[in-house]
> 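One structure, pasted below without further comment.
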Amino acid sequence: MTHEQASYLELLARGAATEAYDRPALLARASGAGAGELAELEQAKQLALRVRAELEGRRRREAELSALFETANDLAGLRDLDDVLRAIVQRARSLLGTEVAYLSLNDPAHGDTYMRVTEGSVSARFQQLRLGMGEGLGGLVAQTARPYVTDDYFQDARFQHTRTIDTAVGDEGLVAILGVPLTLGSQVIGVLFAADRRARVFERGQVALLGSFAAHAAIAIDTANLLAETRSALAELERANDIIREHNGVIERASEVHDRLTELVLRGGGVADVTAAVSEVLGGTVEFAEERARPAGISAGHATPDGDDWVAAVSAGGETFGALVLRERPDLDPVDLRTLERAALVTSLLLLARRTAGEAEQRVRGELLDDLLDAPDRDPRLLRERAARLRTDTDAPHVVLAARVDRADRDDAASDPDSAGRESADRRRLRSAASHLAATRQGLASARDGGTVLLLPLRPGENAADLARQTAKHLGGALRDPVTVGASAPVTAPLAHPERVAPAYAEARRCLDALRLLRRSGEGAAAEDLGFLGLLLADTRDIEGFVDRTIGQVVAYDRRRGTDLVRTMDAYFASGMSPARTKDDLHVHVNTVAQRVERIGRLLGSDWQSPARALEIQLALRLHALSSAVIR
């Protein structure tokens with residue numbers, strides 16, 4: 001081997017450029033080498049260039065394989081589909097050294113392939129491009145599952161050019177395009193592209209390289225899709241698990257409320273206990289509304305939405321007692337809805353049972369009072385035992401009260417065909433309200449003489465007039481109609497002395513009739529409230545009490561001060577309320593009479609000279625004079 005031939009080995013060893021391989025032959029020619037030697041050098045040069053090309057090819061394939069391995073490794077580490085697609089396009093552009101790379105995915109629903117990810121693109125129209133199957137280079141690759149390459153797309157007649165595709169490709173300025181299919185088995189899922197904005201010939205190795213990369217990319221896409229589907233399935237399972245847990249919780253709550261409602265029924269609980277239990281179980285506020293009517297079209301025991309509330313009618317036997325209202329729970333699942341409806345049913349049963357028990361107690365209380373009024377010769381011991389069972393106070397003083405509803409339209413009853421029905425309804429309502437009042441005050445009540453009679457104990461510091469007014473106010477408020485109440489004088493131990501009850505009822509009736517005659521309907525009063533009329537109506541004929549209530553303050557003033565106001569009043573009325581004639585009768589100065597009259601007015605009130613008051617005062621003066629004469 002000559003020195004010049006050995007120089008080619010040196011060039012190969014240091015990886016010199018192609019131009020450097022011409023230098024040994026030039027130097028040999030310059031030194032006068034013969035034709036044979038120059039031919040050997042040319043042969044050595046060609047051999048060295050073939051070796052160089054082979055080495056370059058090996059290095060390039062090694063670099064490509066290394067890059068392909070790294071790409072596959074990177075893709076295997078990605079989990080998000082968007083990240084996978086973006087990495088595929090970026091690596092394709094890097095591997096082939098193109099200006100643009102992009103990826104389209106097939107859309108089976110539309111029967112086309114659409115641009116999914118681009119790298120190096122500048123045209124919005126191109127980035128949103130859709131290609132029908134067989135249209136353009138990409139549509140042909142997607143349709144045939146074969147790679148296609150062109151060094152000048154617009155001059156290539158193999159492809160079906162459309163205005164939409166050509167416009168988008170022209171906007172992007174692409175010329176040379178390489179497209180390879182993304183396949184999973186026999187199914188094409190998309191196309192991977194590499195493109196330049198200048199004419200370029202893609203070598204067979206580059207086509208094979210992009211195809212190999214596309215195979216890895218398809219697997220990575222499938223893996224990402226499977227992972228996404230797995231995550232979605234896990235999320236669905238988690239949601240289903242949450243629903244199951246929630247449903248189990250609802251069932252447990254329903255079971256809990258069933259147990260609690262059963263316990264309430266067994267121990268005789270009330271409506272408040274039901275609403276409290278259901279409020280706790282449903283996590284809301286449940287109220288019982290007596291005035292809430294049943295919603296139209298909803299049968300008993302069923303709930304219906306009302307704005308943000310739910311309303312469950314509480315009714316039994318065709319009668320509506322009210323409704324259970326669940327506040328501010330617009331979204332109610334079927335189990336909770338059934339719980340509310342079940343609570344409404346339990347509430348109706350409790351109310352029905354309570355009313356039945358109440359009606360039974362009303363009958364017993366009414367029968368006892370009827371016996372006191374109609375059969376006063378009954379054994380007092382037996383009467384006291386019956387009263388004790390009703391928790392009636394048998395030792396306290398009692399008052400007999402007669403009550404009646406006084407409607408404003410009662411005078412028109414004769415001309416109203418419905419008046420009899422309204423009066424009957426009024427009596428039932430009055431009896432129910434009076435029975436409830438009697439039960440709460442440990443008394444008795446019964447229907448009688450078109451109204452109601454009550455026997456109620458007096459509380460400490462309370463008198464018959466106070467009790468009458470309270471009863472009229474209570475019953476009137478319950479019925480929302482005026483109720484007039486007349487009261488008797490207190491009856492001591494009525495159960496020990498039943499013969500006192502009937503006369504006391506007669507006195508209460510007389511007071512009731514007097515109130516109606518005086519046009520004081522809706523009020524309550526005892527005989528002591530009616531002045532001298534009460535004195536006539538009362539059985540006790542409490543003359544001393546009448547005198548004390550009428551002029552007692554003046555009598556007491558005279559007794560304390562030693563004055564003569566009582567005699568002055570008597571003379572004043574006898575003289576026709578003339579101060580001049582009064583001073584002659586009393587032999588005092590007229591100014592003295594005026595001063596005494598003023599003092600009397602301060603003691604009795606400014607209206608003491610009015611006709612009604614004057615009549616009562618004169619009667620009290622006569623009775624006082626008679627009682628004073630008897631005492632002397």
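Throughout, numbering of the chain's residues begins at 1 and tracks the sequence.
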> When you measure from the side chain of Asp449 to the backbone N and O of Gly451, does any donor-acceptor pair fall under 3.5 Å?
no
> Check side-chain contact (heavy atoms from CB on, under 4.5 Å) between Val588 and all other residues, then give those that pass, not counting sequence neighbours.
Lys583, Leu586, Thr592, Val593, Arg596
> Restricting to non-hydrogen atoms, name the atom on Ala504 and the atom on Val491 that form the minimum distance, rounded to 0.1 Å.
CB-CG2, 3.6 Å
> Check whether any side-chain heavy atom of Leu479 lies under 4.5 Å from a side-chain heavy atom of Val405, and answer yes or no.
yes
> Considering only NZ, NE, NH1 and NH2 on the basic side and carboxylate oxygens on the acidic side, decide whether Arg567 and Asp564 come within less than 4.0 Å.
yes
> To the nearest 0.5 Å, what is the distance between CZ (Arg459) and CG (Leu467)?
8.5 Å
> Measure the spacing between OG1 of Thr440 and NE2 of His436 and express it to the nearest 0.5 Å.
6.0 Å
> Specify the closest pair of heavy atoms between Leu475 and Ala403, including all atoms of both residues, with the distance to one decimal.
CD1-CB, 4.1 Å
> Drop me the distance from Leu565's CG to Ile600's CD1, to the nearest 0.5 angstrom.
5.0 Å
> When you measure from the side chain of Asp558 to the backbone of Val566, do you find a donor-acceptor pair of N or O atoms at a distance under 3.5 Å?
yes
> Can you tell me how far the CG atom of Leu604 sits from the CD1 atom of Ile551, to the nearest 0.5 Å?
8.0 Å
> If you look at every heavy atom in Ser488 and Val399, which pair is closest and at what distance?
O-CG1, 3.5 Å
> Could you measure the distance from the OG atom of Ser432 to the CG atom of Leu437? Nearest 0.5 Å is fine.
11.5 Å
> Taking all non-hydrogen atoms of both residues, which atom of Pro457 and which atom of Gly443 are closest, and how far apart?
CD-CA, 4.2 Å
> Under the side chain to side chain contact (heavy atoms under 4.5 Å, CB included) rule, what do Val286 and Val325 come out as? Steps first, then yes or no, please.
CA-CA 5 Å; Val286 178; Val325 183; over 6 Å; no
> Is a side-chain donor or acceptor of Ser521 paired with a backbone partner of Asp406 at a separation under 3.5 angstrom?
no
> I need the full list of ring pair (Phe, Tyr, Trp, His ring centres under 6.0 Å) pairs touching residues 559-582, with sequence neighbours left out, sorted by first then second residue.
Tyr572-Trp608, Phe573-Trp608
> Any chance you could lay out the side chain to side chain contact (heavy atoms under 4.5 Å, CB included) test for Thr285 and Leu326, step after step, and finish with the verdict?
CA-CA 6 Å; Thr285 300; Leu326 175 59; 6.0 Å; no
> Are the side chains of Leu456 and Leu401 in touch, meaning some heavy atoms are under 4.5 Å apart?
yes
> Heavy atoms only: give me the nearest Arg448-Val453 pair and the separation to one decimal.
CB-CG1, 4.2 Å
> Please walk me through it: do Leu458 and His398 pass side chain to side chain contact (heavy atoms under 4.5 Å, CB included)?
CA-CA 6 Å; Leu458 283 173; His398 284 62; over 6 Å; no
> Can you tell whether the side chains of Arg469 and Asp466 come within less than 4.0 Å, N to carboxylate O?
yes
> Should the pair Arg441-Glu462 be classified as a salt bridge under the 4.0 Å nitrogen-to-oxygen rule?
yes
> Not counting sequence neighbours, which residues clear side-chain contact (heavy atoms from CB on, under 4.5 Å) with Ala402? List them please.
Tyr505, Ala508, Arg509, Leu512
> Hey, what do you get for CG (Asp584) to OG (Ser575), rounding to the nearest 0.5 Å?
9.0 Å
> Tell me, with the steps shown, if Arg429 and Asp481 meet side chain to side chain contact (heavy atoms under 4.5 Å, CB included).
CA-CA 10 Å; Arg429 292 165 57 224; Asp481 278 312; 3.6 Å; yes
> Any side-chain heavy-atom pair from Gln609 and Val597 closer than 4.5 angstrom?
yes
> Compare every heavy atom of Ala434 with every heavy atom of Ala445, then report the nearest pair and how far apart it is.
CB-O, 3.8 Å
